[in-house]
Amino acid sequence: MKKKIAVLTSGWALDFVTSMLEGMKEAAAGCNTDLYVFLAYKFYEPNGDPNTTGFAVYDLINYQDYDGIIITPNFFNDDERAEAERKKILKSGVPAVSINKPMEGLSFISAINHDVYRDLISHLIEKHNCKNLAFIGGPFNESGAKSNYEAFLQALESHNLTAKKEQIFIHGDWSYNWAYDVAQKLLEDPEKIPDGIVCINDLAAMAVERVATEKNISIPQELKVIGFDNIELASTIIPSITTVTSDGDRMGAEAVKVILEGIKEPVVRTVEARPIYRQSCGCQSSVSETQVKFSQRFHGELEDSQRFTSHLRHLEDIFIRHETMYELCKHLQYYFAYRHNFEGYDMAILLNEDVARELEKGVESKNAGPVYGKKMRTLVNLVDGNAVPCKTIQTRDLIPESLKTEENALYLFLPVFNQKIVHGYYVSRNYTGLLKNKNAYNWTRNFGAIIEKFRQTSAYRSMSQQLLLLSTQDSLSGLLNRTGLDIYAQKLFEENISQNKSTEIIFADINNMKLINDKHGHIYGDIAVKTVAETIREVIPPGYLSIRYGGDEFVIIGQRKGKINYSEKIQTDLEKRSNKMALPFKLTVSLGQKIFKAGKETSLDQAIREVDQIMYQQKILFHKSKK
C-alpha cells in the first residue's frame, strides 16, 4: 500500500521551498510514497491587518490519514498557527519532522547556519579588510533572525570590533522594500558609508545594491555586501551576491528519510550550510555563466510574467461573461484545456459544495467562511491537458479519481479564498510550476477575488430580477402590471412577428364591478379581482403573459398554439370557482379575443385596442341580457 507524507509550508521562501520539494521527491522515489504538499501565504491587507485565511488549506489535512508529517514552521510567519498544527500532529500520533525550527515532540532537521554566517562575516573582515560593518536584520522575535544577529556580533567581537548603533537595524520584516528604506539611511551621507553591509537575506542585499547604484557607490570597490538564503536571483544579478545556502534539497530529503525509516522517537539531524563567495564581496570578478544565461532568458521571463497577468484577466472575463454555473464550468473547462501552461496538465480546481450552490442561486453567502465543508465540487479538471467530467467528491478524499496514479506523485494544494471567505482549493499532480515567481500567491488571491466578484454579480443580478419582478407585478392580483406589459408584452409581440408566429390577445373585463364595490364593499371588489386573476393563472398556459390592465380589466397575450379556446375556458372555470366560494354576487367577465397573424402591420397598442372593442361589444350584450 502506498505511503503518504503531508508537507505543510509557505511559498514566501520560494527558492528554499522549491529546492526542498525536489529533495523530498528524490528521497521518496522508488519508495512507493506520495507527497501531499499544502502551501499557504500569510500576508497583510492594505490597512495593515494580517490575513491568514489561506491557512485553511491546512484544515484539509486529517493527520491520521498519513504515514508522516513534515512542517516548516518558520515559513508560516505565524507562531500561533504553527503551534496549533504541532498540537494536532502530536494528538494524531503520526511521526513528524520540523525543518529549520525546533518544535517540541517532533523530529528536527537543522541547518548549521549560525557558524557559517559568522565565518562569512569574518571573511569580510579578514580577507577584505572591512572594519566598519552595518547590519540589516529581520523580525527580532524570530529565532533565525536573532541567530544571524548574534553571529554578526560574535564575528565583530572576535576581531575586537564594534558596530555603530545607528548602523544596526534589527526589527525588519524580511522584505525588499524595508531593506531599501534602511539602505537609503545607511548610504545617505557619502562621508559615513560603511565598508560593508551584512543583510538578513538576499532580498535585502539586492535592495542595498540598488540604492548603491542610485548613489553611484561601486560594489565591491567602495562597499561590500553579503546576503543569506542563496535565492536564484542572488546568482544572476550584477554584481552577484555573496551568501549562505542551507541546501533545501538536502534538508527535504533528510526529512523524508526520517519518516520512511519509521523512527518512533524524535531525532535531530543536521545539514551543513555552505558559504558562496561571489562578486558583492569582491571574491569573483568576471561575469559568471549563470549571469549570462539569465540575461539571455530575461526577456522570456518578462514575457511569461505578462502572459500570466493576461491569463488572470482572461479568467476574470470568463466569470464575468457567464451567468450560470453550468455555463461557467463548461467554458472554464474549455479554456483550461487550451491554456494550462501555468496550472499544469494534471490538475483540478474544487469549490466548497455550499459555495457552489450559492453561486448557482446567485445569493450572498450564508455558509462561506474560513473553513471547508464536507463536500467539494470540481470546477475544472484536466488530465494530460484534456478536460474530464467534473464531479463532486468528499472533502476528505482531497483528489478527484482522475488525478490518482499508481506511480509516485507529488500533489500540490493551494487555497482559493478572498478576504475571510474560503471558496475551495487547487490541486496539481507532479507540477509545481505555479510556484515560480510567486505566481501561486497572485493566483490564489486573484482566483478567489474573481469567484467573489462572480458571486456578487450573481447576487446583484438576482436582486435586480427580484426588483424588476416587484416593479412589474400587480400587488393585488399577482399578475403583471402595466409596466410589465410595456417591458415583456412588447418584446413577446415583436418576437412572434420576427419568428412568423401568430399572436393571440384576450381582453377581459369584470362585469358589474361598480355594483360589487357599491353594494358589497371594496373588500369584495378585491376578492373579485383576485378570483379572476387566479382563474386566468390556472387556465392560461406557460409562455403567455397575463396582465392586470386596469382596475377590473385584464389583458392576456401569447404565441398561439393548439386549438383550445381560452376565453371559453376562463368563463366556465370562473363560474365553477365563484360558485364554490359562495359569493354574494354572480362573478362573470366579458371577453374579447383575436388572433393576429405575423406580417400584419399592427402595433401592440393597436392590437389591444381592437380586442378591447371586441370585449366592449360583448359587454353591451351582457348588459342587454340583464334587462
Side-chain angles (χ1 to χ4, degrees), residues 10-12 38-60 305-325 327-329 331-333 335-336 339-344 347-373 376-380 412-428 434-463:
S10 170
W12 289 127
F38 300 86
L39 187 144
Y41 296 87
K42 174 183 178 179
F43 60 92
Y44 290 87
E45 299 287 0
N47 63 0
D49 291 341
N51 190 319
T52 59
T53 308
F55 285 155
V57 75
Y58 302 146
D59 295 330
L60 292 171
S305 176
Q306 293 170 343
R307 285 175 56 245
F308 181 69
T309 301
S310 176
H311 174 59
L312 293 178
R313 188 172 62 252
H314 289 156
L315 287 175
E316 184 174 2
D317 289 342
I318 292 172
F319 275 82
I320 291 173
R321 287 201 310 269
H322 299 98
E323 297 184 7
T324 67
M325 280 292 290
E327 287 294 318
L328 176 63
C329 291
H331 283 84
L332 279 176
Q333 286 274 77
Y335 175 79
F336 276 110
R339 293 284 296 273
H340 45 250
N341 293 339
F342 294 104
E343 289 82 1
M347 68 88 172
I349 302 170
L350 300 101
L351 292 183
N352 290 356
E353 177 65 14
D354 289 338
V355 172
R357 287 175 179 170
E358 287 165 347
L359 290 174
E360 282 178 336
K361 296 176 183 177
V363 298
E364 287 291 342
S365 175
K366 295 180 180 178
N367 299 302
V371 293
Y372 288 97
M376 304 297 297
R377 185 186 301 185
T378 309
L379 182 64
V380 177
L412 173 66
F413 295 84
L414 299 173
V416 175
F417 66 96
N418 182 61
Q419 295 179 347
K420 300 297 182 182
I421 298 176
V422 172
H423 301 110
Y425 59 87
Y426 154 95
V427 55
S428 64
L434 200 54
L435 299 182
K436 186 178 180 181
N437 297 326
K438 294 189 173 62
N439 282 347
Y441 167 70
N442 292 315
W443 190 93
T444 57
R445 292 202 65 186
N446 277 274
F447 203 85
I450 291 169
I451 290 176
E452 195 57 29
K453 186 178 293 186
F454 178 79
R455 180 211 299 283
Q456 292 170 358
T457 302
S458 298
Y460 175 77
R461 186 181 296 115
S462 177
M463 182 177 65

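This chain uses plain numbering: 1 for the first residue, then up along the sequence.
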Query raised in the report: Is the backbone of Gly344 close enough, under 3.5 Å, to the side chain of Ser428 for a donor and an acceptor to pair up by distance?
Result: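 Side chain of Ser428 to backbone of Gly344, a donor-acceptor pair under 3.5 Å: no, none is there.
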Requested in this report: Measure from the side-chain N and O atoms of Thr52 to the backbone N and O of Lys42, and report whether any donor-acceptor pair falls under 3.5 Å.
Outcome: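 Judged by distance alone, no pair lies under 3.5 Å.
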Report task. Identify, with sequence neighbours excluded, every residue that meets side chain to side chain contact (heavy atoms under 4.5 Å, CB included) alongside Ile450. Result -> Leu315, Glu316, Phe319
Report summary line: Sorted by chain and number, sequence neighbours left out, side chain to side chain contact (heavy atoms under 4.5 Å, CB included) with Ala440 holds for Tyr41, Leu414, Leu434, Leu435
Report task. Report the residues that fulfil ring pair (Phe, Tyr, Trp, His ring centres under 6.0 Å) with Phe55, sequence neighbours left out, ordered by chain and then residue number. Result -> Tyr58, Phe76
Query - With His331 via ring pair (Phe, Tyr, Trp, His ring centres under 6.0 Å) - residues at least two apart - result: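 Partners of His331 under the ring pair (Phe, Tyr, Trp, His ring centres under 6.0 Å) test: His322.
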Requested in this report: For the pair Trp12 and Tyr441, evaluate ring-ring contact (aromatic ring centres under 6.0 Å, His included) and give the outcome as yes or no after the intermediate values.
Outcome: CA-CA 9 Å; Trp12 289 127; Tyr441 167 70; 4.9 Å; yes
Hey, does [Y] have a side-chain heavy atom less than 4.5 Å from the side chain of [X]?
{"X": "Pro415", "Y": "Tyr425", "answer": "no"}
{"X": "Tyr426", "Y": "Trp443", "answer": "yes"}
{"X": "Arg307", "Y": "Asn341", "answer": "yes"}

Rounded to the nearest 0.5 Å, what's the gap from [atom1] on [X] to [atom2] on [Y]? Could you check?
{"X": "Leu379", "Y": "Ile349", "atom1": "CG", "atom2": "CD1", "result": "6.0 Å"}
{"X": "Phe447", "Y": "Asn442", "atom1": "CZ", "atom2": "CG", "result": "14.5 Å"}
{"X": "Phe342", "Y": "Leu312", "atom1": "CZ", "atom2": "CG", "result": "8.0 Å"}
{"X": "Arg339", "Y": "His314", "atom1": "CZ", "atom2": "NE2", "result": "5.5 Å"}

Report task. Show the numbers, then the answer: is there a side chain to side chain contact (heavy atoms under 4.5 Å, CB included) between Phe38 and Leu412? Result -> CA-CA 6 Å; Phe38 300 86; Leu412 173 66; over 6 Å; no
Query raised in the report: With distance as the sole criterion, is a donor-acceptor pair present between the side chains of Asp354 and Asn352 under 3.5 Å?
Result: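 Result is no, nothing qualifies.
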Report task. Could you walk me through whether His423 and Glu452 pass the side chain to side chain contact (heavy atoms under 4.5 Å, CB included) test, one step at a time? Result -> CA-CA 9 Å; His423 301 110; Glu452 195 57 29; 2.9 Å; yes
**Report entry** Sequence-distant partners of Arg445, salt bridge (charged side-chain N to carboxylate O under 4.0 Å, His left out), two or more places apart
**Finding:**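 So Arg445 forms a salt bridge (charged side-chain N to carboxylate O under 4.0 Å, His left out) with Glu45.
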Query raised in the report: Under the side chain to side chain contact (heavy atoms under 4.5 Å, CB included) criterion, do Ile318 and Leu328 qualify, and how do the steps go?
Result: CA-CA 7 Å; Ile318 292 172; Leu328 176 63; 4.0 Å; yes
Report task. Take Ile451 and Asn418 through the side chain to side chain contact (heavy atoms under 4.5 Å, CB included) test and state the conclusion after the steps. Result -> CA-CA 8 Å; Ile451 290 176; Asn418 182 61; over 6 Å; no
Query raised in the report: Residues in side chain to side chain donor-acceptor pair (under 3.5 Å) with His311, at least two apart?
Result: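 Residues passing side chain to side chain donor-acceptor pair (under 3.5 Å) with His311: Tyr335, Glu343.
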Query raised in the report: Looking at residues at least two apart in the chain, or sitting in another chain, which of them share a side chain to side chain donor-acceptor pair (under 3.5 Å) with Glu353?
Result: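 Once residues adjacent in sequence are excluded, the partners of Glu353 under the side chain to side chain donor-acceptor pair (under 3.5 Å) criterion are Arg357, Arg377.
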Minimum heavy-atom distance [X]-[Y], with the two atoms named:
{"X": "Val422", "Y": "Thr53", "result": "CG2-CG2, 3.6 Å"}
{"X": "Ala40", "Y": "Gly54", "result": "CB-O, 3.3 Å"}
{"X": "Val416", "Y": "Tyr372", "result": "N-OH, 4.4 Å"}

